[in-house]
Amino acid sequence: MKLSPLYGSGVSCGFPSPADDHQEPPLSLDEHLITNSAATFLARANGDSMQEVGIFDRDVLIVDRSLTPVSGDVVVVALDGQLTCKILDLKRGRLLSANGRYRPIPIWEGQELLVEGVVKASVRYHRG
């Protein structure tokens with residue numbers, strides 16, 4: 001686990017502000033993003049179906065198997081053996097994309113659906 005410095009003030013994404021030299025205690029991304037390491041795995045997003053919730057192609061998903069999935073959660077599921085990342089809609093028995101170009105995926109009786117975990121966070125790379 002590597003600790004990285006965390007600046008006390010936010011970084012302006014508008015007009016530059018005077019630099020703030022104050023640093024808070026170092027921040028561990030493991031401690032910040034992972035609450036249950038034994039139940040957490042990482043997966044890479046593939047495709048554009050989840051863009052409207054901020055998950056883009058090649059993002060790294062932090063998935064927690066210990067969280068109980070509820071309607072509206074972004075989850076990684078195995079549907080008939082195929083892994084996918086979608087929004088869980090338990091009330092209507094379907095999986096939703098977060099991109100208007102994709103239709104909901106109905107979950108039919110008899111289909112094998114295994115929720116692998118709830119997506120707790122994602123990490124985006126801005127430079128490869």
| message | To the nearest 0.5 Å, what is the distance between CG on Asp48 and CG on Asn99? | response | 5.0 Å

| note | When rounded to the nearest 0.5 Å, the distance separating CD of Glu52 from CG of Leu96 is 11.5 Å

Heavy-atom check, side chain of [X] versus side chain of [Y], under 4.5 Å:
X	Y	result
Phe56	Met50	no
Ile87	Val53	yes
Lys120	Val63	no
Arg65	Phe41	yes
Val75	Cys85	no
Leu114	Val77	no

Without swapping roles, check the side chain of [X] against the backbone of [Y] for a donor-acceptor pair under 3.5 Å.
X	Y	answer
Asp57	Gly47	yes
Ser71	Leu90	yes
Ser28	Asp30	yes

To check you understand the geometry: which heavy-atom pair defines the closest contact between [X] and [Y], and what is its length?
X	Y	result
Thr40	Ile34	OG1-CG2, 3.6 Å
Tyr125	Arg44	CE1-NH1, 4.0 Å
Asp59	Gly54	OD2-O, 3.6 Å
Ile55	Ser122	CG1-OG, 4.2 Å

| said: Would you say Val76 ends up clustered with Val70 if hydrophobic residues are merged whenever their side chains have heavy atoms under 4.5 Å apart, either directly or through other cluster members? | reply: no

| field | Co-membership, hydrophobic cluster, residues Leu83 and Leu67, 4.5 Å side-chain | value | no

| task | Evaluate the criterion side chain to side chain contact (heavy atoms under 4.5 Å, CB included) for residue pair Val74 and Val118; output intermediate values, then yes/no. | result | CA-CA 6 Å; Val74 176; Val118 176; over 6 Å; no

| Summary of salt bridge (charged side-chain N to carboxylate O under 4.0 Å, His left out) pairs that have at least one residue in residues 86-95, sequence neighbours excluded | Asp89-Arg94

Please table the atom pairs, donor to acceptor, closer than 3.5 Å between any side-chain atom in residues 103-112 and protein atoms at least two apart or in another chain.
from   : atom 1 : to     : atom 2 : distance (Å)
Gln111 : OE1    : Trp108 : N      : 2.7
Gln111 : NE2    : Asp80  : OD2    : 3.0

